[in-house]
2 protein chains.
Amino acid sequence: MARIQLKPVHFKAQAQVFKALGHPGRLLIVDELSRGERCVCDLAALVGSEMPTVSRHLSILKNAGIVDDDKRGTQVFYRLMTPCVMNFFKCVSAVRNREGA
Amino acid sequence: MARIQLKPVHFKAQAQVFKALGHPGRLLIVDELSRGERCVCDLAALVGSEMPTVSRHLSILKNAGIVDDDKRGTQVFYRLMTPCVMNFFKCVSAVRNREGA
DNA sequence: TTGACATTTCGCGAAATAGCTAATAAGCGT
DNA sequence: ACGCTTATTAGCTATTTCGCGAAATGTCAA
């Protein structure tokens with residue numbers, strides 16, 4: 001059983017990934033992107049915020065390495081980079097269910 | 001292949017778990033707790049912050065359902081509730097490595 | 001080039017977060 | 001009860017994050 005040993009130096013970078021996921025709207029975006037690439041306008045409609053706000057969320061996700069973008073014409077399509085992120089949700093659900101909340 | 005379908009209602013609760021992990025010091029704490037229970041004073045020494053600060057971090061982790069505490073005498077021992085949280089780190093490392101950062 | 005559209009960047013005020021010190025609570029030994 | 005130790009809570013300030021509207025950027029089509 002391989003021991004997972006974290007190097008302290010990397011905690012800050014790792015925290016950035018978790019921080020990027022620590023927002024309901026961004027979680028909604030990641031969930032949506034797990035079903036395929038979407039343009040910013042689609043995602044803005046999905047989360048119900050203004051486009052500048054969603055664009056900022058996407059830049060945070062991209063900066064964390066969770067998504068990547070692909071400009072095609074006037075629109076920009078985002079896609080999920082690391083599918084394993086979706087596995088988080090199963091564990092997180094387990095965390096939540098443990099305490100009837 | 002089971003589809004992971006998230007209910008929007010739960011995004012806020014899920015985000016709380018990620019937010020709790022989105023801090024270098026708390027990540028360090030979780031990593032340490034993966035090797036066994038620790039008292040607050042041990043963890044304070046580990047992260048190098050004042051005890052009130054660490055106590056607050058622990059309450060955030062507890063509130064998110066990630067850790068639980070056990071008072072024994074004058075000290076309080078914390079332990080990791082959901083080991084699957086550690087699996088996050090593998091994926092997060094993959095996220096980070098993808099971009100030479 | 002002008003106009004329309006999609007997206008990003010900027011600047012702001014409001015809200016949340018982080019960390020400290022001081023104060024409070026609670027357990028243990030004497 | 002008293003003092004000592006451990007931990008949490010409260011109060012405060014500094015920093016960060018959030019979400020908006022306005023402005024800037026970029027692309028395509030006419």
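Below, chains carry the letters A, B, ... as their sequence lines are ordered, and counting in each starts from 1.
- For the pair A/L61 CG and C/dT8 C1', the computed distance is 15 Å after rounding to whole Å.
- Put simply, the side chain of B/S59 gets close to the backbone of B/R56: a donor and an acceptor are under 3.5 Å apart.
- Judged by distance alone, the side chain of A/R26 and the main-chain N or O of A/A20 form a donor-acceptor pair under 3.5 Å.
- Rounded to an integer number of Å, the gap from B/M51 CE to C/dA18 C1' is 18 Å.
- Side-chain nitrogen and oxygen atoms of B/K19 include none within less than 4.0 Å of the OP1 or OP2 phosphate oxygen of D/dT17.
- B/R26 comes within contact range of the sugar-phosphate backbone alone, with a heavy-atom separation under 4.0 Å but no base atom that close.
- Side-chain N/O atoms of B/H23 include one lying less than 4.0 angstrom from OP1 or OP2 on C/dG19.
- A straight line from CG of A/D69 to C1' of C/dA6 spans 13 Å, rounded to a whole angstrom.
- Look at NZ on A/K71: it is 11 Å from C1' on D/dT25, rounded to the nearest Å.
- Between A/H23 and A/H57, the ring planes are tilted. Angles from 30° to 60° get that label.
- As a whole-Å value, the separation of A/L58 CG from C/dT8 C1' is 11 Å.
- Using a 4.0 Å heavy-atom cutoff across all strands shown, A/S49 reaches sugar-phosphate atoms only and no base atom.
- Here the nucleotide nearest the side chain of B/S55, chosen from C/dT7, D/dT9, C/dG19, is D/dT9.
- With rounding to whole Å, B/Q75 atom CD is found 12 Å from C/dC28 atom C1'.
- Geometrically, B/R72 engages B/F77 in a cation-pi contact defined by less than 6.0 Å to the ring centre and at most 45° from the axis.
- Phosphate contact (OP1/OP2 of D/dT8, side-chain N/O of B/Y78, threshold under 4.0 Å): present.
- Nearest-nucleotide assignment on DNA chain C puts the 5′-proximal partner with A/T74, out of A/T74 and A/S59.
- Partner A/V47 forms a side-chain contact (heavy atoms from CB on, under 4.5 Å) with one of A/T53, A/L27, A/V54 and no other, that one being A/V54.
- Rounded to whole Å, the distance from CD on B/E50 to C1' on C/dA22 is 12 Å.
- Contacts of A/L43 with the nucleic acid, taken as non-hydrogen atoms under 4.0 Å apart, are absent.
- What separates CZ of B/F18 from P of D/dT17 is a distance of 18 Å, to the nearest Å.
- Put simply, A/H57 has no side-chain N or O that comes within less than 4.0 Å of OP1 or OP2 on D/dT17.
- Along DNA chain D, the nucleotide closest to B/C41 and the one closest to A/P52 are compared, and the more 5′ of them pairs with B/C41.
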